[in-house]
2 protein chains.
Amino acid sequence: MANEITLSGVPHVITNIPVGAKPECFLFAGCPELIGTPFSYAREEEVYGEGEEAEFVYKVLGGAVRTHKVLSDGRRQITGFHLPGDLFEFEQGETHRHTAEALSDTRVLVFRRRGIERAATRSAEVACQLWGMAASGLRYAQDHMLLLGRRSAVERVATFLMEVDGRLGGTGTFDLPMTRRDIADYLGLTIETVSRTLTELEEDGALQRIGARQVSLRRARLRRVVED
Amino acid sequence: MANEITLSGVPHVITNIPVGAKPECFLFAGCPELIGTPFSYAREEEVYGEGEEAEFVYKVLGGAVRTHKVLSDGRRQITGFHLPGDLFEFEQGETHRHTAEALSDTRVLVFRRRGIERAATRSAEVACQLWGMAASGLRYAQDHMLLLGRRSAVERVATFLMEVDGRLGGTGTFDLPMTRRDIADYLGLTIETVSRTLTELEEDGALQRIGARQVSLRRARLRRVVED
DNA sequence: CGTGTGGTTGAAACGTATCAAACGTGGTGG
DNA sequence: CCACCACGTTTGATACGTTTCAACCACACG
């Protein structure tokens, strides 16, 4: 992986613009001054921790990342899964409000927050893009509030499966990239409830499972369960 | 109330800049081109409904507004209470993702979304302010996810009381501006549980009540309950 | 072929929801 | 001015869904 120096797990960005940078190196399409540096994390490796200084913004190239918050007694709430193409931790503020960890071996692009902020203060277009991304993150979070506050376990799991399916291409058949624990901590349930709910959905013919990870959704039936 | 024409409940903004506009008419300090128009809503009146075209951004001057989402069977999740000074519905997008209603008689300033977007595309500073506001809304929503997904009823109510206290001046004694139903729908509980939890907290000496609305918090004890 | 990790299943406990009734307070009309 | 009504709140008894604790299973890995 070029353009990268690693020093005790922390990415050190080379600031010179590499010649012939590929388009996917950019933060946004049409913003060539913001070049990311590739970086990799192993399965379960921490990308950053809550409270740490927020120096970078991340864009997932391959693999997946989860961001979460924890209470002192260990209760955990996952606030998002970040799949290829997603940007995360582009909020403002000095320190990280989450911990981020790689679900599987993951490649990301890191962008200096400084550079992004400088670009935003100079270019209204960049700033508007950032506004838009924060706004869509907010919409997503508000939808998830409704799920956490008001939906039953079956509804949560069914919603989750349809969401992952959509983000993974919408074929209806895919491998869950996360463990039961991650799903539970995302949905505000326990692993046992997630597991039981999956078997229940399978018995109702709303999905089929092959092994623990692969699922084939009967989307019409799942939609009936969610039934906005 | 000057500079206002009402037509079937919808505010119609006068686009001429009024001479001698007061500073609190502005969306941000130091952005004189964005002038708001005052408007009022009665208790329980709808400000806008989910799915409607999003034409305005709102800033609360007095009173309070709640924004919520509903499922088809009536289950409701309040995503935020908006008190004097707060801006809301400044996200991007064509249509409203929430319904907004006045908790009590409420005065707001409305700003044309068009004008704000135009200002944002022209001024990086404006766009950065909007980015910042969306980002802080996102942080707030993520904290609330942790509450809804992982905290018990007592913790939710205690957190809520401390939050309202902080936003109402932090004196420890205040009148709750919303009903038990609103509190319940904000915290993902039922009104009965909210009520029982309040009596429980009172019995534990964590607060005192006068009537249904006024509370005096023993903040040290409440903090022990929350105990991040 | 054992060992570890993640997943499933079962039984019982727990916390919150549900249903129902009583209470209190503020507003209205006699 | 007081009686009455309506609405929001509190309290009680019971039901239900999810969690907890425990055992078991399946698969990957050394």
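A, B, ... follow the sequence lines: proteins, then strands. Residue 1 opens every chain. FYI, side chains are in, hydrogens and waters are out, and symmetry mates aren't considered; it's all heavy atoms of this structure.
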message: Tell me whether the count of non-hydrogen atoms from other residues, nucleotides or ligands lying under 6.0 Å of CZ in B:R213 goes above 12.
response: yes
Within 6.0 Å of CD in A:E94, more than 12 heavy atoms from elsewhere: no
Side chains of [X] and [Y]: closer than 4.5 Å at any heavy-atom pair?
X: A:E163; Y: A:Y140; value: yes
X: B:Q142; Y: A:K69; value: yes
X: B:E55; Y: B:R113; value: no

Send over the distance from [X] [atom1] to [N] [atom2], rounded to a whole Å.
X: B:E203; N: D:dT10; atom1: CD; atom2: P; value: 12 Å
X: A:Q214; N: D:dC27; atom1: CD; atom2: P; value: 14 Å
X: A:I210; N: D:dC27; atom1: CD1; atom2: P; value: 13 Å
X: B:E200; N: D:dT11; atom1: CD; atom2: P; value: 12 Å
X: A:R75; N: D:dT18; atom1: CZ; atom2: P; value: 18 Å
X: A:D73; N: D:dT19; atom1: CG; atom2: C1'; value: 15 Å
X: A:L103; N: C:dG6; atom1: CG; atom2: P; value: 13 Å

statement: Rounding to the nearest 10°, end axes of the helix from C:dC1-D:dG30 to C:dG30-D:dC1 built from five pairs each make an angle of 30°
message: If only side-chain N and O atoms count, and only distance matters, is there a donor-acceptor pair under 3.5 Å linking A:H96 with A:E89?
response: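 A pair is found: one side chain offers a donor N or O, the other an acceptor, under 3.5 Å apart.
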- prompt: Taking NZ, NE, NH1 and NH2 as the nitrogens, is one of them in B:R97 or A:D143 under 4.0 Å from a carboxylate oxygen of the other?
  reply: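 Answer for the salt bridge query: no.
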task: Considering non-hydrogen atoms only, spot the tightest contact between B:Q214 and B:T173 and give its length.
output: NE2-CG2, 3.6 Å
- line: A:L103 and A:E44 have their tightest heavy-atom pair at O-OE2, 4.2 Å
field: B:G211 vs A:V154, nearer the 5' end of DNA chain D by closest nucleotide
entry: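 Nearest-nucleotide comparison on DNA chain D picks B:G211.
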task: Mind checking B:R213 for me? I need base, sugar-phosphate or nothing, with any heavy atom below 4.0 Å counting as a touch.
output: sugar-phosphate
message: Heavy atoms only, 4.0 Å cut-off, all strands: where does B:R209 land among base, sugar-phosphate and nothing?
response: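 Sugar-phosphate: the residue B:R209, judged by heavy atoms under 4.0 Å, touches backbone atoms but no base.
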task: Go through residues 178-199 of chain B and report each residue with a non-hydrogen atom lying under 4.0 Å from DNA chain C, sorted by number.
output: B:G188, B:L189, B:T190, B:E192, B:T193, B:R196
